[in-house]
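Take a look at the structure below.
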Amino acid sequence: MAIEISDSKTIRQLLSGNGPDEALFAEADRIRRAIYGDAVYLRGLIEISNYCRNNCYYCGIRAGNTNLVRYRLDKETILACCRTGYALGFRTFVLQGGEDPFFSDDAAGDERLCEIVAEIHEAYPDCAVTLSVGERSRESYQRLFDAGARRYLLRHEAASEDLYRMLHPSEMRLANRKRCLYDLKEIGYQVGAGLMVGAPGQTMEHLLEDLAFLQKLQPDMIGIGPYLRHADTPFGKSKAVCAQGLYKEQKLNLTLRLLAVLRILFPYALLPSTTALGTIDPDGRQLGLKAGANVIMPNLSPADVRDKYAIYDNKLFTGAESAQGIAALRKQIEDAGYRIAIDIGDVKGKDTK
Ligand code: SAH
């Protein structure tokens, strides 16, 4: 049964129902299989730094959290993560971090990051280097592109001004985040946007605005996952913001429904079944795949720093950096009816330049 969702009324209905919607998930799966078959692309996530100059109200690595032990990885460690990942079949490395002054936008910071990108690019020419290190100047994005980065993940977080304001302090600007996404696209990056589902203050109207923004941006990847509380954040401390457990089921189902709607609206898109989805429910990532997702991003960061990249509480640690870890993940993916593709995993079926 084809589900036509050309109008916002239908989308609202699909998103607002309770529980899972098997017909919706089946339709999303049909579309993903028509374009991507049963392939699941792996992206090796390397969390290069938990230093951050920002103070997003939801995020555990915000500058204002003094309960966190800060770390940053050096070049050799990052390259070692790539080496391990390559041997396990990873063909994309995602360097993610807070907006760390050490790797930031001045000449010295840019140079440090460019050098790392260039070395990975040279050592693994058959792999994609993806960056996810926040808002920077257009010139900085260009330098990183010239060094060999080809993909950039920057969730827009909230396309509506009022929700964006609820989630971020006043020095952060939605207009700048959008500017970054358009600059990245113009430079030639494959771009990933996205948002947290069930973020404090988020309504159905906000989600519809997010979808409208995404339709304008036409990103290659869209990353969504449930919002999860971190105790050492303003939201984590606030009584007004609901406890994580309370709406767990709703957040899970809304995330799955939104994934399926995204697959129908963006048939070509790379949609990760995120760590946050795996954290909110032990079967979350498999359910995500069955609702239209086609990417999984296991963690390749060294074991001794993994608990420090704590953007929310109880973050899932899978240990996919080991052969056993990958075997377990492979089994999960196969049990869900898919298979791991050892492939750079570019977007398919999208009109690109
Ligand atoms: N500094 C980078 C990377 C941020 S971490 C950037 O700005 O892009 C990656 C993503 O984790 C964020 O974009 C956010 O959407 C998500 N995230 C942060 N805190 C979270 C929380 N408490 N629950 C769920 N997701 C969260």
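One-based numbering, in listed order, for ligands and for the atoms of each. Heavy atoms only: backbone and side chains are in, while hydrogens, waters and symmetry mates are out. Numbers here simply count residues along the sequence, with the first being 1.
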Check your understanding: Any chance NZ of K216 has more than 12 other-residue heavy atoms, nucleotides or ligands included, within less than 6.0 Å?
Key ->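 Open: at most 12 neighbouring heavy atoms sit under 6.0 Å from NZ of K216.
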Looking only at non-hydrogen atoms, which of [options] approaches [atom] most closely?
atom: atom 8 (O) of ligand 1; options: R53, H156, M196, R177; answer: R177
atom: atom 4 (C) of ligand 1; options: Y312, Y309, Y152; answer: Y309
atom: atom 10 (C) of ligand 1; options: R155, R62, R229; answer: R155

Point to revise | Residues that H168 engages under ring-ring contact (aromatic ring centres under 6.0 Å, His included), provided they are two or more places apart | key: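 If we apply the ring-ring contact (aromatic ring centres under 6.0 Å, His included) test to H168, skipping adjacent residues, the hits are Y58, Y164.
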Check your understanding: Restricting to pairs with a member in residues 251-278, which pass ring-ring contact (aromatic ring centres under 6.0 Å, His included), not counting sequence neighbours?
Key ->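 Matches after skipping sequence neighbours: none remain.
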Ligand 1 contact by [X], heavy-atom criterion under 4.0 angstrom:
X: H230; answer: no
X: P226; answer: yes
X: G97; answer: yes

Review point. If you measure from the Lys or Arg side-chain nitrogens to the Asp or Glu carboxylate oxygens, is any gap between D29 and K290 under 4.0 Å?
Key: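 So D29 does not pair with K290 through a salt bridge.
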Exercise for review: Please answer whether the main-chain N or O of A269 pairs with a side-chain N or O of R263 as donor and acceptor at a distance below 3.5 Å.
Suggested key: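 It does hold such a pair.
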Point to revise | Heavy atom of the protein closest to atom 9 (C) of ligand 1 (residue, atom name, distance) | key: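 Of the protein heavy atoms, Q96 NE2, 3.7 Å lies nearest.
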